[in-house]
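This report concerns only the one structure given below.
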Amino acid sequence: MTEQEQLIREIRERLSNTPKAGMIDSLAYATRLSQSYSISVEEIREIVVREADAAGITHV
C-alpha cells in the first residue's frame, strides 16, 4: 500500500467518526496529518476536501 493510499484510508476512518451534518476544518485536518506523512499539507488538504465531499461532511 502506498503512502497516499494509507493517508486516504486514515482520512476515511477519521471522517467516519464525524456526523454527516458535521463540519471539519480541512486545513487543521491536513496540518495534523502532515506530521505523519511526507505529503505536503496542500496535497493532503485536497484529499481531505474530496473525501469530506464524498462523505457528505461540510468543510471549511
Side-chain angles (χ1 to χ4, degrees):
M1 182 180 304
T2 68
E3 184 178 34
Q4 186 170 7
E5 290 170 333
Q6 289 175 330
L7 171 64
I8 291 170
R9 186 174 171 192
E10 183 173 349
I11 291 168
R12 287 177 179 167
E13 184 177 308
R14 288 176 180 233
L15 290 176
S16 72
N17 296 322
T18 304
K20 287 225 182 240
M23 184 168 53
I24 63 164
D25 179 338
S26 60
L27 181 57
Y29 249 69
T31 302
R32 197 171 320 117
L33 288 166
S34 71
Q35 296 170 4
S36 302
Y37 295 92
S38 63
I39 303 169
S40 73
V41 173
E42 294 81 18
E43 289 176 285
I44 293 173
R45 186 174 187 194
E46 288 177 19
I47 296 169
V48 168
V49 166
R50 187 173 53 238
E51 292 298 324
D53 284 343
I57 298 170
T58 304
H59 51 85
V60 292

Atom pair OG/CD1 of S26 and I47 - distance to nearest 0.5 Å: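 So the OG of S26 and the CD1 of I47 are separated by 12.5 Å.
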
Does a side-chain heavy-atom distance below 4.5 Å link [X] with [Y]?
X	Y	answer
I39	E3	yes
V48	I24	yes
L27	V60	no
T18	Y29	yes

Consider only side-chain heavy atoms of I, L, V, M, F, W and Y, link residues closer than 4.5 Å, and tell whether I8 and L15 are in one cluster.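 Yes, I8 connects to L15 through the hydrophobic network.
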
Determine whether more than 12 heavy atoms belonging to other residues, nucleotides or ligands lie under 6.0 Å from atom CD of Q4.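 It does not: Q4 CD has 12 such atoms or fewer within range.
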
What do you reckon, is CD of E5 surrounded by more than 12 foreign heavy atoms closer than 6.0 Å?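 Yes.
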
Go through the side-chain N and O atoms of E10 and Y37 and say whether any donor and acceptor fall under 3.5 Å apart.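 Yes, Y37 and E10 have a side-chain donor paired with an acceptor closer than 3.5 Å.
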
Residue pairs, two or more places apart or on separate chains, that pass salt bridge (Lys or Arg N to Asp or Glu O under 4.0 Å) and touch residues 38-54: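 Listed by first then second residue: R12-E51.
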
Closer than 3.5 angstrom, by distance alone: can the side chain of T31 be matched with the main-chain N or O of A28 as a donor-acceptor pair?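 Flag not set: sc T31 to bb A28 has no pair under 3.5 Å.
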
